[in-house]
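I have placed the structure first, in the form of structure tokens, so that the comments after it can refer back to it.
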Amino acid sequence: MRDAYHEELDSIGDGLVEMARLVGSAIGRATTAILDSDLKLAENVIEADQRVDELQHELEARAIALLARQQPVATDLRIVVTSLRMSADLERSGDLAQHVAKLARLRYPERAVPQDLHATILEMGQLAQRLMAKAAEVIVTKDVDLALQLEQDDDAMDLLHRTLFQHLMDDRWKHGIETAVDVTLLGRYYERYADHAVAVAKRVVYLVTGEHADELQQEKSEIQGVPGVEGA
């Protein structure tokens, strides 16, 4: 019985990893669809999000069954509850990738992104995909240090987001209001997607340590800032 219980816990983790990989692929393909005005690829991303939703429902069902049958405590309870929260973050990430694809479909055969912003949107898409790949690795390895790095990596996304707004506020903007709205939405989708990847990593930190990532990061900073502590 105990082996079956831990196998079920492991299966929840496997489901989270699969979700992370699916939504990571989705944001990469959605970025290609929006930049290339690829209707077929956009439709593919939109339809594939159903699998992410199904995985979340399956994971929730497993987690609730475990809570009911096994009544886990301590670390095991933390795993189940944290996994439910991570699945919600991952499902929302899939929705955001779907939003990008839906915008590509909406503007087809036109392109939603003007040529002078292609490089910025491409970089945002690639960064979002890398962040989610790292979040998936964190789920597998339970590497706290790697998890804490994601918030620093997210600073690059925030910078790219600000870059978009600088273009929008520039007096030389010549692409009209509709395109400005599209670009504003895209920037928000990528920025929020990155936030969810960071949230997943933070939840792993809590799962492993029982401490919230922000508190742990502050403790590390305080230790590093005290002379002689490292060599103590």
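Remember, it's a predicted structure, so these values are computed and weren't measured experimentally.
Y108 and V181 end up in different hydrophobic clusters when Ile, Leu, Val, Met, Phe, Trp and Tyr side chains are linked at under 4.5 Å. When the side chains of ILVMFWY residues are joined at heavy-atom separations under 4.5 Å, either directly or via intervening members, M169 and V183 end up in two distinct hydrophobic clusters. With hydrophobic clusters built from ILVMFWY side chains whose heavy atoms lie under 4.5 angstrom apart, I27 does not share a cluster with L39. Under the 4.5 Å side-chain heavy-atom criterion for grouping Ile, Leu, Val, Met, Phe, Trp and Tyr, V45 is not connected to L185 through any hydrophobic cluster. With hydrophobic clusters built from ILVMFWY side chains whose heavy atoms lie under 4.5 angstrom apart, L148 shares a cluster with L127.
Under a 3.5 Å cut-off, the side chain of D143 and the backbone N or O of D145 do form a donor-acceptor pair. Looking only at distances, no side-chain donor or acceptor of R21 sits under 3.5 Å from a matching main-chain atom of A136.
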* Asked: Stepwise, does the salt bridge (Lys or Arg N to Asp or Glu O under 4.0 Å) test hold for R192 with D195?
  -> CA-CA 5 Å; R192 288 298 299 144; D195 286 347; 3.0 Å; yes

* To do: Please test T31 against Q129 for side-chain contact (heavy atoms from CB on, under 4.5 Å), starting from the C-alpha separation and ending with a verdict.
  => CA-CA 10 Å; T31 301; Q129 195 168 8; over 6 Å; no

* When you look at L160 and Y190, which way does the side-chain contact (heavy atoms from CB on, under 4.5 Å) test go after all the steps? -> CA-CA 10 Å; L160 288 167; Y190 286 113; over 6 Å; no

* Please test R51 against E58 for salt bridge (Lys or Arg N to Asp or Glu O under 4.0 Å), starting from the C-alpha separation and ending with a verdict. => CA-CA 10 Å; R51 178 56 185 153; E58 291 168 9; 3.3 Å; yes

* Given E91 and M19, is the side-chain contact (heavy atoms from CB on, under 4.5 Å) satisfied, shown in steps? -> CA-CA 8 Å; E91 189 274 335; M19 286 183 73; 4.2 Å; yes

* To do: Output, in order, the C-alpha distance, side-chain angles, deciding distance and verdict of side-chain contact (heavy atoms from CB on, under 4.5 Å) for K134 and L146.
  => CA-CA 8 Å; K134 190 174 282 189; L146 182 63; 3.7 Å; yes

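The minimum heavy-atom distance linking L66 with L9 is given by the pair CD1-CD2, 3.8 Å. When every heavy atom of A30 is checked against every heavy atom of V100, the shortest pair comes out as O-CG1, 3.6 Å. Taking both residues in full, the closest heavy atoms of A88 and Q56 are given as CA-NE2, 3.5 Å, listed atom of the first, atom of the second, then distance. Contact between A20 and M132 at its shortest, heavy atoms only, is O-CG, 3.3 Å. Counting all heavy atoms, side chain and backbone alike, A197 lies closest to L150 at O-CD2, 3.6 Å. Annotation for V23 and Y193: closest pair O-OH, 2.7 Å, computed over non-hydrogen atoms.
The side-chain heavy atoms of H196 and V200, taken from C-beta on, include no pair separated by under 4.5 Å. In this structure the side chain of I12 never reaches within 4.5 angstrom of the side chain of I79, judged on heavy atoms. Between T184 and F165 there is a side-chain heavy-atom pair separated by less than 4.5 Å. Within the 4.5 Å cutoff, no side-chain heavy atoms of K102 are placed close to those of L106. Proximity of L67 to L77: side-chain heavy atoms (C-beta onward) are separated by under 4.5 Å at one or more points. A 4.5 Å side-chain heavy-atom check between R78 and Y206 finds at least one atom pair inside the cut-off. Between R107 and E178 there is a side-chain heavy-atom pair separated by less than 4.5 Å.
Heavy atoms from other residues, nucleotides or ligands lying under 6.0 Å from CD of Q149 number more than 12.
Atoms CD and CD1, from E18 and I139 in turn, are 11.5 Å apart once rounded to the nearest 0.5 Å. In this structure, CG in L159 is found 9.0 Å from CG in D155, a value given to the nearest 0.5 Å. Once rounded to the nearest 0.5 Å, the distance linking OH of Y189 with CG of D95 reads 11.0 Å. Summarising the geometry, atom CG belonging to L59 is positioned 10.0 Å from atom CD1 belonging to I64; distances are rounded to the nearest 0.5 Å. Taking CG from L41 and CD1 from I46, the interatomic distance works out to 10.0 Å, rounded to the nearest 0.5 Å. Atoms CD1 and CG, from I34 and L186 in turn, are 5.0 Å apart once rounded to the nearest 0.5 Å.
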Could you list the donor-acceptor pairs under 3.5 angstrom formed by side chains in residues 109-126, with sequence neighbours left out?
from	atom 1	to	atom 2	distance (Å)
R111	NH1	L35	O	2.9
D116	OD1	H175	NE2	3.2
D116	OD2	H175	NE2	3.4
H118	NE2	V113	O	3.2

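For the 3.5 Å distance criterion, the side chains of R29 and S25 qualify, holding a donor opposite an acceptor.
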